[in-house]
Number of protein chains: 2
Amino acid sequence: MTADSWLNQLQQGGYRLTEARRAVVDVVSACDHALTPVEVYDAARQVYPALGLVSVYRTLEKLDELGLVQRVHQEGGCNAYLPHADGHQHLIICEQCGRALYFSGDDLSGLFQKVGEQHHFSITGHWLQLSGLCAECQPE
Amino acid sequence: MTADSWLNQLQQGGYRLTEARRAVVDVVSACDHALTPVEVYDAARQVYPALGLVSVYRTLEKLDELGLVQRVHQEGGCNAYLPHADGHQHLIICEQCGRALYFSGDDLSGLFQKVGEQHHFSITGHWLQLSGLCAECQPE
DNA sequence: CGCTTATTGAAAATCATTTTCAATTATAAG
DNA sequence: CTTATAATTGAAAATGATTTTCAATAAGCG
Ligand SMILES: [Mn+2]
Ligand SMILES: [Mn+2]
Ligand SMILES: [Zn+2]
Ligand SMILES: [Zn+2]
């Protein structure tokens, strides 16, 4: 289970396992759409009502540090988190329901290198994100 | 000149031309790297010292509304603005000096469509941004 | 030039995030 | 199973960015 793996990695990282962290990890590790700190807070309190919003911020910070979550940028805001991509992957996000999904296998570095040369840039990274409608949100 | 065109469009949009707006437009329309509201404020005050930060926010909001600027997302933050791309273009940003540049001519919609199908998404948009080193920032 | 109303900057309010702090608790040692 | 220690907690205060309020100003129009 992802949650257990995350908890292990927190512990390996020298952090203690607490109720607050367990609650946050349970919510975020299992979620298929990006959540803001407050959304994590609301969801996690259903399991652990004593949770403080501060601990959500602090836990997300540590999960980010450990590479277990990543921040998601969208029109609506840039403070939502998802389980981190596995290797080099990019996001597709449903603009209706927010479902997020990673895909891989794009090989664009050649193209990007070429574009870079044309503009005298040496390209070191790229950021690609698709948006659309997931199966469930498409009209019949 | 871009600045004049922006001012015209503000006027066409029903907005009055004021010193505050002129100062903001002068700075943003001529800038080749993304600026935060405070950076715009500092730059524009050199020309118009009475400027208030609030007016920078308000002017950027209107320029965005008119499609004259666009928000730029980066690791460091997502509250910087650039003159809006001309049609369908994407950004290359120098990770050293922040110089920003648009490129076009990528035709990736075929690829994206295919990726979408594989995951039962109908793709409606994409977001692509390259980062690297501009000519001036490359070692020798 | 004068009228009307959008726009202004200052100050206050709001909102998200971070810091401070005393109380609690996870963990390791005994 | 204690006990000791230091990390972690949630509440409250502080901060920082952005928005709202408001009375004064000035753009645009006749
Ligand atoms: Mn890629
Ligand atoms: Mn494109
Ligand atoms: Zn959907
Ligand atoms: Zn550069």
Side-chain angles (χ1 to χ4, degrees), chain A residues 3-4 6-28 34-66 69 71-81, chain B residues 3-4 6-28 34-66 69 71-81:
Chain A
D4 288 335
W6 288 23
L7 291 172
N8 279 338
Q9 293 187 62
L10 274 172
Q11 204 159 38
Q12 243 73 72
Y15 298 115
R16 294 182 178 177
L17 296 189
T18 67
E19 281 304 294
R21 285 173 184 165
R22 269 184 247 272
V24 170
V25 164
D26 278 354
V27 167
V28 180
L35 295 178
T36 64
V38 174
E39 287 169 336
V40 173
Y41 179 54
D42 289 337
R45 259 187 313 171
Q46 312 226 135
V47 168
Y48 179 56
L51 180 67
L53 176 57
V54 209
S55 289
V56 174
Y57 277 98
R58 291 191 276 223
T59 302
L60 285 173
E61 188 183 23
K62 283 165 184 61
L63 293 175
D64 199 2
E65 205 176 292
L66 293 168
V69 299
R71 182 186 274 244
V72 174
H73 300 256
Q74 286 185 272
E75 291 302 322
C78 305
N79 36 344
Y81 292 83
Chain B
D4 288 335
W6 288 22
L7 292 171
N8 279 338
Q9 294 187 62
L10 273 171
Q11 204 159 39
Q12 243 73 69
Y15 299 114
R16 293 181 181 177
L17 296 188
T18 67
E19 281 304 295
R21 284 172 184 165
R22 269 185 247 272
V24 170
V25 164
D26 279 354
V27 167
V28 180
L35 295 179
T36 62
V38 174
E39 288 169 335
V40 172
Y41 179 55
D42 288 338
R45 260 187 312 171
Q46 312 225 137
V47 168
Y48 179 57
L51 180 66
L53 176 57
V54 209
S55 289
V56 175
Y57 277 98
R58 290 191 277 223
T59 303
L60 285 173
E61 187 183 22
K62 283 166 184 60
L63 293 176
D64 199 2
E65 204 177 292
L66 293 168
V69 298
R71 179 187 277 243
V72 174
H73 300 255
Q74 287 184 272
E75 291 302 322
C78 306
N79 35 346
Y81 292 82

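It should be emphasised that the depicted structure is a prediction, and the values quoted were computed from it without experimental measurement. Quick note on labels: first sequence line is chain A, next is B, and so on, each numbered from 1.
- Note on B:Thr18: a side-chain N or O is less than 4.0 Å away from OP1 or OP2 of C:dT8.
- Spacing between atom CD of A:Glu39 and atom C1' of C:dA16 amounts to 14 Å, rounded to whole angstrom units.
- Note that CH2 of A:Trp6 and CG of A:Leu17 are 14.5 Å apart. Values are rounded to the nearest 0.5 Å.
- Relative to the side chain of B:Asn79, the nucleotides D:dA17, D:dG10, C:dA10 differ in distance, and D:dA17 lies closest.
- Among the heavy atoms of the strands lying under 4.0 Å from B:Arg21 are primed sugar atoms or P, OP1, OP2 only; no base atom is included.
- Looking at heavy-atom distances under 4.0 Å, A:Tyr41 makes no contact with the nucleic acid at all.
- Rounded to an integer number of Å, the gap from CZ of A:Arg22 to C1' of C:dT27 is 12 Å.
- Between the side chain of B:Arg16 and the base of C:dT5, a donor-acceptor pair under 3.5 Å is found.
- In this structure, the OH atom of A:Tyr81 is 12 Å from the C1' atom of C:dA16, given to the nearest Å.
- Residue-level contact check: A:Gln11 touches the backbone only, with heavy atoms under 4.0 Å from sugar-phosphate atoms and none from bases.
- In summary, of the residues considered (B:Lys62, B:Arg21, B:Glu65, B:Gln9), a side-chain hydrogen bond (donor to acceptor under 3.5 Å, both in side chains) with B:Tyr15 occurs for B:Glu65 alone.
- C:dT19 atom P lies 8 Å from atom CD of A:Glu61, rounded to whole Å.
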Next item on the list: Evaluate the criterion salt bridge (charged side-chain N to carboxylate O under 4.0 Å, His left out) for residue pair A:Glu19 and A:Arg22; output intermediate values, then yes/no.
Entry: CA-CA 5 Å; A:Glu19 281 304 294; A:Arg22 269 184 247 272; 3.6 Å; yes

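- Atom CD of B:Glu39 is separated from atom CG of B:Asn79 by 9.0 Å, given to the nearest 0.5 angstrom.
- For the pair A:Glu19 and B:Val38, both in contact range of DNA chain D, the more 5′-proximal nearest nucleotide belongs to A:Glu19.
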